[in-house]
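Because the structure is predicted, anything quoted here is derived from the model rather than measured.
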Amino acid sequence: MKLSVSARAVAAGSIATVMLLTGGAVADAASAPPRPAAPDLPLAGVKAHLTQLQSIATANGGNRAHGRAGYKASIDYLKAKLDAAGFTTTLQQFTASGRTGYNLIADWPGGDTSQVVMAGSHLDSVSSGPGVNDNGSGSAAVLETALAVSRAQYKPTKHLRFAWWGAEELGLVGSRYYVNRLATGDRSRISAYLNFDMIGSPNPGYFVYDDDPAIEKTFKEYFSGLGVPTEIETEGDGRSDHAPFKSAGVPVGGLFTGASRAKTAAQAAKWGGTAGRAFDRCYHSSCDTTANINDTALDRNSDAVAHAVWELSE
């Protein structure tokens, strides 16, 4: 069809307009800021928190168990760090075995509160030891991730919440208390709960929870990028603080480096360490001190915590 002169003029103007709009879109895309990458958490920062938790236990009967002075001092240490970093913190009090326990919840201002990404760990030890790997390691990594959020003044699309649970060693008491008191609507707003319980075992494995495919993929791809093979976590399945969230229908995931099970020859071949020896010989013992940590495992897993928090909150 042949256009008239006036029609050709209109068409030319339309094409020019489209080109301007398209060019503007391309320019906008090119000028858009890159997606922020998770920081490389300083191992020294994570270990400084472990040293502090060890000192607290040493000064309070050798442990940080539920209802003991060492646990409350641990909570106070974390809360002071988080308050100074600009988090909104809440202490949730409960009673278990006749003693007062506490959960510490820290919300980072901003983000869509209809989509909440949570990262958590239990802060209590058993009464027989200071609990530096179980679970100072997870608690310290989650704390350092939260502090990294503050240092970066990170502005994620989703709302970020961090949590430290009490009385996990008595049967997931603190996390169950928290989940059971959430309104149905509030539960549905949690798009992911990430759990970190023992991530610095001295004879470590690299285990990833397989409860939610998207979260599992996030962790597995991270470790694949490091050239570190992973296995599905089975030893602690249902035995840590992700269990109440999973039962409530919340997508969950997490990491683990092993407890009392023995490392197999095949696992030693791919991860190093000693076959036939427990992943953590000091599990629930007095020797679970700062000497009971594998720095490489702690470093890798701490960075994986930050990676997942950044990745899943966008």
Side-chain angles (χ1 to χ4, degrees), residues 46-81 91-104 119-144 162-178 195-204 235-236 239-243 254-261 278-294 297-298 301-302 305:
V46 181
K47 292 192 71 175
H49 303 315
L50 293 182
T51 298
Q52 188 64 33
L53 294 176
Q54 172 72 70
S55 296
I56 287 170
T58 301
N60 290 279
N63 68 72
R64 301 179 301 99
H66 162 74
R68 310 290 180 87
Y71 182 75
K72 184 58 166 60
S74 300
I75 282 281
D76 292 343
Y77 169 72
L78 267 68
K79 187 176 187 301
K81 291 283 188 183
L91 272 184
Q92 188 178 48
Q93 186 173 315
F94 59 89
T95 301
S97 299
R99 295 175 179 265
T100 300
Y102 302 92
N103 293 326
L104 174 62
S121 61
H122 76 88
L123 185 57
D124 63 313
S125 72
V126 292
S127 59
S128 57
V132 172
N133 186 39
D134 184 16
N135 184 36
S137 60
S139 294
V142 173
L143 174 59
E144 192 61 26
F162 299 89
W164 292 264
W165 310 115
E168 186 269 357
E169 299 290 4
L170 300 185
L172 320 181
V173 177
S175 55
R176 289 189 195 281
Y177 185 90
Y178 176 83
N195 193 62
F196 305 99
D197 190 352
M198 300 179 67
I199 60 170
S201 301
N203 189 31
E235 183 179 6
R239 293 170 51 194
S240 193
D241 294 297
H242 60 291
L255 301 173
F256 180 59
T257 50
S260 58
R261 282 187 186 173
F279 293 103
D280 183 356
R281 291 190 297 174
C282 290
Y283 176 62
H284 284 187
S285 300
S286 60
C287 58
D288 188 9
T289 66
T290 49
N292 191 47
I293 291 290
N294 181 286
L298 182 66
N301 282 282
S302 297
V305 175

dist L53:CG -> L78:CG (nearest 0.5 Å) comes out at 6.5 Å
- prompt: Are the side chain of S201 and the backbone N or O of G258 linked by a donor-acceptor pair below 3.5 Å?
  reply: yes
Taken in chain and number order and not counting sequence neighbours, the residues that satisfy ring-ring contact (aromatic ring centres under 6.0 Å, His included) with F279 are F207
dist K79:NZ -> S74:OG (nearest 0.5 Å) comes out at 15.0 Å
Open item on the list: Keeping R64 on the side-chain end and G70 on the backbone end, is there a donor-acceptor pair under 3.5 Å?
Closed with: no
Practice task
Spell out, as yes or no, whether a donor-acceptor pair under 3.5 Å connects the side chain of D124 to the backbone of G166.
Solution key: no
For this session: Please confirm whether the backbone N or O of Y283 pairs with a side-chain atom of S285, one donor and one acceptor, at under 3.5 Å?
Result: yes
**Study point:** Residues Q54, T58; criterion side-chain contact (heavy atoms from CB on, under 4.5 Å); working and verdict
**Key:** CA-CA 6 Å; Q54 172 72 70; T58 301; 3.2 Å; yes
Treating S302 as the side-chain partner and A141 as the backbone partner, does any N or O pair qualify as donor plus acceptor under 3.5 Å?
no
task = Apply side-chain contact (heavy atoms from CB on, under 4.5 Å) to the pair D288 and S125, showing each step before the final yes or no.
result = CA-CA 10 Å; D288 188 9; S125 72; over 6 Å; no
Residues passing the side chain to side chain contact (heavy atoms under 4.5 Å, CB included) test with N301, sequence neighbours excluded, are I199, Y206, F223, L255, T257, A297
Before you tell me yes or no, could you show the steps for V132 and N292 under side-chain contact (heavy atoms from CB on, under 4.5 Å), namely the whole-Å CA-CA distance, both residues' side-chain angles and the distance that decides it to 0.1 Å? CA-CA 7 Å; V132 172; N292 191 47; 5.8 Å; no
Hits for side chain to side chain contact (heavy atoms under 4.5 Å, CB included) against Q92, two or more places apart or cross-chain, chain-then-number order -> N103, Y177, Y178
Would the number of heavy atoms belonging to other residues, nucleotides or ligands and lying under 6.0 Å from CZ of R281 be above 12?
no
Q | Check: H242 side chain, G254 main-chain N or O, donor-acceptor pair, under 3.5 Å | A | no
Would you say H122 and D134 are linked by a side-chain donor-acceptor pair, where the criterion is simply a distance under 3.5 Å? yes
Residue set satisfying ring-ring contact (aromatic ring centres under 6.0 Å, His included) with F162, at least two apart, ordered chain then number -> F87
Side chain to side chain contact (heavy atoms under 4.5 Å, CB included) filter on T100, not counting sequence neighbours, yields Q93, Y102
Tested for side chain to side chain donor-acceptor pair (under 3.5 Å) against D280, the lone hit among N294, N133, N203 is N133
Here the gap from S137 atom OG to F196 atom CZ, rounded to the nearest 0.5 Å, amounts to 11.0 Å
The reported gap from CG in L143 to NE2 in H49 (rounded to nearest 0.5 angstrom) is 4.0 Å
Residues at least two apart in sequence or cross-chain that pass side chain to side chain contact (heavy atoms under 4.5 Å, CB included) with S121, listed by chain then number, are N135, S139, V142, W164
**Asked** Between T289 and A291, is there a donor-acceptor pair closer than 3.5 Å when you use the side chain of the first and the backbone of the second?
**Response** yes
Separation between CD (E168) and CG (L123), nearest 0.5 Å, reads 11.0 Å
Please check this pair: side chain of E235 against backbone of R261, looking for a donor-acceptor N/O pair closer than 3.5 Å. yes
